[in-house]
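To keep things clear, I will list the structure first and then write my remarks on it.
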Amino acid sequence: MTEQDKEFMRRAIELAQEGIDANEGGPFGAIVVHDGRIVGEGCNRVTSTNDPTAHAEVVAIREACRALGSFQLDGCTIYTSCEPCPMCLGAIYWARPARIYFACDRTDAAAAGFDDDFIYHEIALPFEERRIETLGLLRDEGRRVFENWIAKPDKTKY
């Protein structure tokens with residue numbers, strides 16, 4: 001870990017505080033760095049935008065992808081003020097950065113009232129045991145779309 005890494009993390013933490021001060025949402029901030037410069041940043045904006053997906057990491061990823069003109073963050077590093085929740089971790093893996101640094105962990109978040117641990121447990125459960133009723137429907141019709149995707153010669157893979 002370098003001094004520059006620490007400065008980038010301080011920016012993520014600063015964004016978390018700025019989000020609190022502006023009543024944007026929860027106490028979370030994140031930045032995306034490419035070639036030593038910030039290409040995306042964000043704070044949690046869940047409550048200010050009425051968007052449950054507007055977590056700091058997702059906001060920063062969206063901004064970075066726009067700035068880089070790519071749906072992948074090859075060679076990028078994400079700095080986030082807290083260990084990513086399951087949704088953000090999924091978004092990060094889809095974006096494919098080189099690494100993630102985080103300041104606080106999920107136990108710190110839980111102590112502040114943000115307990116994502118139940119989601120980690122829910123994902124591992126069979127559908128019939130989850131808190132939210134989860135049912136399959138029209139699989140054969142849905143599979144035709146996948147067949148069309150497989151056959152599409154000019155698709156952009158990701």
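All values below come from the heavy atoms of this structure, side chains included, with hydrogens, waters and symmetry mates left out. Position 1 is the first residue of the sequence; numbering continues from there.
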In Å, rounded to the nearest 0.5 Å, how long is the span from CG of Leu89 to CH2 of Trp94?
-> 12.5 Å

Quick one: do Phe8 and Val32 end up in the same hydrophobic cluster if we chain Ile, Leu, Val, Met, Phe, Trp and Tyr together by side-chain heavy atoms under 4.5 Å apart?
-> no

Lys157 and Phe71: which non-hydrogen atoms are nearest, and at how many Å?
-> O-CZ, 3.6 Å

Side chain of Arg66, backbone of Ala64: donor and acceptor closer than 3.5 Å?
-> no

For the pair Tyr101 and Tyr79, name the ring-plane relationship: parallel under 30°, tilted 30 to 60°, perpendicular over 60°.
-> parallel

Report the C-alpha separation of Thr2 and Asp5 in whole Å, then their side-chain angles, then the decisive distance to 0.1 Å, and conclude whether the side-chain contact (heavy atoms from CB on, under 4.5 Å) test is met.
-> CA-CA 5 Å; Thr2 68; Asp5 290 322; 3.2 Å; yes

Quick one: closest heavy-atom pair of Pro84 and Glu57, and the distance?
-> CA-OE2, 3.7 Å

Passes side-chain contact (heavy atoms from CB on, under 4.5 Å), His55 versus Cys88? Steps please.
-> CA-CA 7 Å; His55 289 201; Cys88 292; 3.3 Å; yes

Do other residues, nucleotides or ligands put more than 12 heavy atoms under 6.0 Å from the CG atom of Leu135?
-> yes

Asn23 vs Ser48 side-chain heavy atoms within contact, under 4.5 Å = no

What residue among Asp154, Asn148, Thr156 forms side-chain hydrogen bond (donor to acceptor under 3.5 Å, both in side chains) with Lys152?
-> Asp154

For Asp51 and Val46, what are the C-alpha separation, side-chain angles and deciding distance, and is it a side-chain contact (heavy atoms from CB on, under 4.5 Å)?
-> CA-CA 5 Å; Asp51 180 353; Val46 169; over 6 Å; no

Hey, could you give me each pair passing side chain to side chain donor-acceptor pair (under 3.5 Å) that has a residue in residues 36-45? Not counting sequence neighbours.
-> Arg11-Glu41

Residue Glu128 excluded, over 12 heavy atoms near CD under 6.0 Å = yes

Heavy-atom closest pair, residues Lys155 and Ile150 | NZ-O, 3.0 Å

Please report the shortest heavy-atom distance between Ser81 and Ala103, naming the atom on each side.
-> O-CB, 3.3 Å

Taking everything shown except Tyr93 itself, do over 12 heavy atoms lie less than 6.0 Å from its OH?
-> no

For residues Glu14 and Gln17, determine if any side-chain heavy atom of one lies less than 4.5 Å from a side-chain heavy atom of the other.
-> no

Hey, are the side chains of Ile78 and Ile31 touching, using non-hydrogen atoms and a 4.5 Å cut-off?
-> no

Using atom types as modelled and distance alone, determine if a side-chain donor or acceptor of Thr47 lies under 3.5 Å from a backbone N or O of Gly26.
-> no

Any side-chain heavy-atom pair from Asp108 and Cys82 closer than 4.5 angstrom?
-> no

Give a yes or no answer on whether the side chain of Arg130 reaches the backbone of Ile123 with a donor-acceptor pair at less than 3.5 Å.
-> yes

State, yes or no, whether a side-chain contact exists between Thr53 and Met87 at a heavy-atom distance under 4.5 Å.
-> yes

Are Arg106 and Asp116 close enough for a salt bridge, meaning some N to O gap below 4.0 Å?
-> no

Any side-chain heavy-atom pair of Leu125 and His121 under 4.5 Å = no

side-chain contact (heavy atoms from CB on, under 4.5 Å) between Val39 and Val33, intermediate numbers included | CA-CA 6 Å; Val39 293; Val33 173; over 6 Å; no

Roughly how far, to the nearest 0.5 Å, is the SG atom of Cys85 from the CD1 atom of Ile119?
-> 6.0 Å

Check whether any side-chain heavy atom of Ile100 sits under 4.5 Å from a side-chain heavy atom of Thr77, and report yes or no.
-> no

Is it possible for you to say whether Met9 and Met1 belong to one hydrophobic cluster, with membership spreading through side-chain heavy-atom contacts below 4.5 Å?
-> yes

Smallest heavy-atom separation, Ala16 atom then Gly29 atom, equals CB-N, 3.5 Å

Which atom pair, heavy atoms only, marks the closest approach of Ala30 to Ala12?
-> CA-CB, 4.1 Å

Can you name the residues that form a ring pair (Phe, Tyr, Trp, His ring centres under 6.0 Å) with Phe114, not counting sequence neighbours?
-> Phe28

Distance (rounded to the nearest 0.5 Å) between Ile13 CD1 and Glu18 CD = 12.5 Å

Is the closest basic N to carboxylate O distance between Glu3 and Lys6 below 4.0 Å?
-> yes

Are any of the side-chain heavy atoms of Leu68 and Cys76 separated by less than 4.5 Å?
-> yes

